[in-house]
Peer 1: 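I am attaching a structure below and will ask some questions about it afterwards.
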2 protein chains.
Amino acid sequence: MNKIEVILVDDHRIMCEGLKSMLSDSHEITVMGCVRNLSELLIKLRILPIHVILLSCYEPGDHDIEMIRIIQREHPQIKILILAMTAQESFILRTLKAGAKGFLSKDADRNELIESILTIRNGYDYYSKSISEIILKRYLNQPGNSSAQRNQPSGVLSDREMEVLKLYAESYTNQEIADKLFVSIRTVESHKNNIMRKINLKTTVDMVKFAIRNNLIEI
Amino acid sequence: MNKIEVILVDDHRIMCEGLKSMLSDSHEITVMGCVRNLSELLIKLRILPIHVILLSCYEPGDHDIEMIRIIQREHPQIKILILAMTAQESFILRTLKAGAKGFLSKDADRNELIESILTIRNGYDYYSKSISEIILKRYLNQPGNSSAQRNQPSGVLSDREMEVLKLYAESYTNQEIADKLFVSIRTVESHKNNIMRKINLKTTVDMVKFAIRNNLIEI
DNA sequence: CCATCTTTGCGTAAATTACTGAATTTCGGC
DNA sequence: GCCGAAATTCAGTAATTTACGCAAAGATGG
């Protein structure tokens, strides 16, 4: 089989060069280049025959998800492998939904990196061990289940609640949120209470921190 | 000259191996090992003749500062080089104050990494270019200056204000903070107002985010 | 000893919270 | 289509907290 042609996407020069130097020892893999952002990547993809994109995500956010979507749309045959420094459940699920074929946690070593590249090149998905657990846990917590856990914090916020939560975390007051959403201030308060009850929080500050932890807002 | 003996401290296997593989090409440097935390490091330092410690900081916090202090106390002759993914001013200054001899930003490349190791080995400090600017800016803003900028947001919080800010960010209410500090709730409110005026913030949420950005609290 | 900063405090108006309750809409499953 | 659960929308009222301007005693450093 021909060597697998990989391109690195990483904003950190040190990391880029480290990965490159690490992968260049492998007989099955050729690193075709290293780019720092989406536009550089798209240019390269037009001229290079790439099989696998290794995408580093340091501070997961909408930006990364959007990037995955665009790459998938333009080059559906290319496999995307995520190398993330954090293993936030919501982020993992979003990358997979957006089209990523594999997800490596920070605890992966050289062998796992190479194995994962080979695996997704062959058409299978690959998740780091710790990641698989998270995904499994998520499925167990899915809606279609017994009907006994009504009042537990299911943690599933509605779209509207998510919207309100984001606005709170962006420093808007109740009144400002009400104005923005064209509803009464009472409604906003209601949403806030429901959010805090669902996620089991006490204060607004905790709510903001929740939003930050889950990358609902930029900080 | 003998080769410089370096040890890597990095919690991320991939990064560790990448750095190692990158540095092992150099003729002047030998990577003596790679550890994941302080206790592993201290064990190694007892048996290996290390010149330089390369310490990766992904999410800067008190933890890193404390680590630097401990290493410096136990092994004052060893030079510590920080490789940080973020260039938060307060963090940079704290690492340097704690005893680090160099600070690399994420934009450093292989050459800069090697050069910085050689530089601090020779007894000089080394800062990435972008870092130097930050440090300079800070010095310009230092107390001992003209006396004209009295009312500007100097951004220098008093110890007490810092304390109050942290407690706010940890979700304590005014009353709880007052109880903790044995002062009236009015005093706490006053501190809060002064903090917000100094840093030029509008809301409590903004204050919390400020605390998070500057790593005043764990999140 | 003077200027400045810190720490402490108050009064009043405004905003938020804590409760409880409830009407309308939406939506998935049978 | 129908049913029930959840989502979305709003309200009343009392208690609490906050915003903001003002002020004064204590610490501190040149």
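Just so we're on the same page: letters track the sequence lines, and every chain starts at 1.
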Peer 1: For B:Q72, does its backbone N or O pair with a side-chain atom of B:Q77 as donor and acceptor, under 3.5 Å?
Peer 2: no
Peer 1: Check this for me: does any side-chain nitrogen of one of B:R69 and B:E66 sit under 4.0 Å from a carboxylate oxygen of the other?
Peer 2: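 Between B:E66 and B:R69 there is a salt bridge, with a charged N closer than 4.0 Å to a carboxylate O.
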Peer 1: At what distance, to the nearest 0.5 angstrom, does OH of B:Y172 lie from CG of B:L167?
Peer 2: 6.5 Å
Peer 1: I'd like to know if A:E163 pairs up with A:K166 as an ion pair, taking the criterion as any Lys NZ or Arg NE/NH1/NH2 lying under 4.0 Å from an Asp or Glu carboxylate oxygen.
Peer 2: no
Peer 1: Could you state the interatomic distance from CD1 (A:I7) to CD1 (A:I50), rounded to the nearest 0.5 Å?
Peer 2: 4.5 Å
Peer 1: Residues from residues 169-193 of chain A sitting under 4.0 Å of DNA chain D, heavy atoms only?
Peer 2: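 Result for residues 169-193 of chain A: A:V183, A:S184, A:R186, A:T187, A:S190, A:H191, sorted by number.
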Peer 1: Separation of A:E163 atom CD from D:dT8 atom C1', in whole Å?
Peer 2: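 It is 12 Å, rounded to the nearest whole Å.
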Peer 1: Would you say A:R160 places a side-chain N or O within less than 4.0 Å of OP1 or OP2 belonging to D:dT9?
Peer 2: yes
Peer 1: Does the side chain of B:T203 get closer than 4.0 angstrom to OP1 or OP2 of D:dA19 through an N or O atom?
Peer 2: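 Looking at the OP1 and OP2 atoms of D:dA19, neither is under 4.0 Å from any side-chain N or O of B:T203.
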Peer 1: Return the CG to CD1 distance between A:L81 and A:I53, rounded to the nearest 0.5 Å.
Peer 2: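 That separation rounds to 10.5 Å.
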Peer 1: Whole angstroms only, please: what is the CG-P distance between B:N194 and C:dC5?
Peer 2: 11 Å
Peer 1: Starting at CZ of B:R197 and ending at P of D:dC20, how long is that distance when rounded to a whole Å?
Peer 2: 12 Å
Peer 1: Before you tell me yes or no, could you show the steps for B:L201 and B:K209 under side chain to side chain contact (heavy atoms under 4.5 Å, CB included), namely the whole-Å CA-CA distance, both residues' side-chain angles and the distance that decides it to 0.1 Å?
Peer 2: CA-CA 10 Å; B:L201 302 173; B:K209 294 203 276 190; over 6 Å; no
Peer 1: Starting from the C-alpha separation in whole Å, work towards a yes-or-no answer on side chain to side chain contact (heavy atoms under 4.5 Å, CB included) for A:T95 and A:L55.
Peer 2: CA-CA 11 Å; A:T95 61; A:L55 175 60; over 6 Å; no
Peer 1: Measure from CD1 on A:I195 to C1' on C:dT16 and round the result to the nearest Å.
Peer 2: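 Those two atoms, CD1 and C1', are 15 Å apart.
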Peer 1: Which whole-number value in Å describes the distance from A:L201 CG to C:dA18 C1'?
Peer 2: 16 Å
Peer 1: Once you build an axis from the first five pairs and another from the last five of the helix from C:dC1-D:dG30 to C:dC30-D:dG1, how far apart in angle are they, to 10 degrees?
Peer 2: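 Rounded to the nearest 10 degrees, the bend comes out at 60°.
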